[in-house]
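The model shown is predicted, which means the values in this text are computed figures rather than measured ones. Numbers for residues simply follow the sequence, beginning at 1.
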Amino acid sequence: MRDVYEYAVIRVIPRVERGELINAGVLLYCQPRDYLCARVELDEARLRALDAHADLDGVRHALGAYQRSCLGEEGPLTEESLGSRFRWLTAPRSTIVQTGPVHAGLTSDPETELEHLVTRLVRTL
């Protein structure tokens, strides 16, 4: 049986005014399976190619915040439902680390789907 899931690519835009970006992770939410997870993989060399002076520590911290928020480890989202966390994390913002548009699909295994999306959308082949 397959369930609906939603996902958004987590991207890094080191110089927002230029609009250049790299994909650095995927956020996946599957309400029927009570699943919310962010997987991040920052390609620092690609980021440095866009901005040699990018704040790597700041970007790493911001990416980690997505993971921590999914787990409910810290911050204002701790008491929120998984759906509320997903909506908050995917809300539009004008920061260096942000999510792209939300997309939907069907899956029988959210964890496997998340790995597939990271391979397809984040990792360079």
Side-chain angles (χ1 to χ4, degrees):
M1 179 166 166
R2 297 188 318 164
D3 293 307
V4 173
Y5 70 91
E6 299 172 83
Y7 76 94
V9 174
I10 303 168
R11 53 197 187 178
V12 179
I13 307 171
R15 294 177 57 197
V16 177
E17 69 278 7
R18 291 182 55 103
E20 298 169 328
L21 63 91
I22 64 167
N23 294 341
V26 176
L27 179 64
L28 189 141
Y29 172 56
C30 184
Q31 188 270 332
R33 303 216 180 203
D34 202 32
Y35 182 89
L36 177 65
C37 188
R39 177 121 353 112
V40 298
E41 294 182 13
L42 179 61
D43 185 333
E44 294 180 7
R46 287 181 66 209
L47 179 57
R48 287 280 191 216
L50 292 180
D51 183 356
H53 305 290
D55 177 5
L56 289 177
D57 289 336
V59 169
R60 281 190 217 101
H61 180 74
L63 291 170
Y66 280 88
Q67 294 175 305
R68 292 185 300 275
S69 294
C70 288
L71 298 172
E73 291 181 355
E74 66 177 44
L77 301 178
T78 302
E79 301 300 320
E80 297 294 327
S81 69
L82 296 182
S84 292
R85 288 183 211 168
F86 181 76
R87 299 286 170 246
W88 190 87
L89 291 169
T90 58
R93 46 184 58 89
S94 296
T95 60
I96 291 173
V97 177
Q98 56 184 262
T99 59
V102 174
H103 304 281
L106 294 170
T107 187
S108 57
D109 183 351
E111 183 67 26
T112 299
E113 191 66 38
L114 179 59
E115 181 63 24
H116 170 74
L117 290 168
V118 169
T119 298
R120 184 170 171 220
L121 302 172
V122 177
R123 295 179 184 136
T124 55
L125 303 175

Measuring from [X]:[atom1] to [Y]:[atom2], what's the distance to the nearest 0.5 Å?
X: Leu27; Y: Arg85; atom1: CG; atom2: CZ; result: 11.5 Å
X: Asp51; Y: Leu56; atom1: CG; atom2: CG; result: 9.5 Å
X: Phe86; Y: Cys70; atom1: CZ; atom2: SG; result: 9.0 Å
X: Cys37; Y: Leu71; atom1: SG; atom2: CG; result: 7.0 Å
X: Leu50; Y: Ile13; atom1: CG; atom2: CD1; result: 10.0 Å
X: Arg68; Y: Leu63; atom1: CZ; atom2: CG; result: 9.5 Å

Answer yes or no: is there a donor N or O on one side and an acceptor on the other, between the side chain of [X] and the main chain of [Y], under 3.5 Å?
X: Arg46; Y: Leu42; value: no
X: Arg123; Y: Val118; value: no
X: Arg33; Y: Ser108; value: yes
X: Asn23; Y: Leu121; value: yes

Cluster question for you: counting only ILVMFWY and a side-chain heavy-atom cut-off of under 4.5 Å, with indirect links fine, are [X] and [Y] together?
X: Leu28; Y: Leu82; answer: no
X: Val9; Y: Ile96; answer: no
X: Leu47; Y: Val26; answer: no
X: Val59; Y: Val40; answer: yes
X: Tyr29; Y: Tyr35; answer: no

Where do [X] and [Y] come nearest, in terms of heavy atoms and distance?
X: Arg93; Y: Trp88; result: NH2-O, 3.1 Å
X: Ala8; Y: Thr90; result: CB-CG2, 3.9 Å
X: Val122; Y: Gly25; result: CG2-N, 3.6 Å
X: Gln67; Y: Arg39; result: NE2-CA, 4.3 Å

Query raised in the report: Is there a side chain to side chain contact (heavy atoms under 4.5 Å, CB included) between Glu41 and Asp43 once you walk through the steps?
Result: CA-CA 6 Å; Glu41 294 182 13; Asp43 185 333; over 6 Å; no

Requested in this report: Check the pair Thr95, Val16 against side chain to side chain contact (heavy atoms under 4.5 Å, CB included), reporting the backbone distance first and the verdict last.
Outcome: CA-CA 7 Å; Thr95 60; Val16 177; over 6 Å; no

Short N-O contact, [X] and [Y], less than 4.0 angstrom:
X: Glu113; Y: Arg2; answer: no
X: Glu20; Y: Arg15; answer: no
X: Arg87; Y: Glu80; answer: no

Taking the side chain as every heavy atom from C-beta outward, state whether [X] and [Y] have any atom pair closer than 4.5 Å.
X: Val4; Y: Leu106; value: yes
X: Thr99; Y: Ile10; value: yes
X: Tyr5; Y: Leu117; value: yes
X: Thr112; Y: Thr107; value: no
X: Pro110; Y: Asp3; value: no

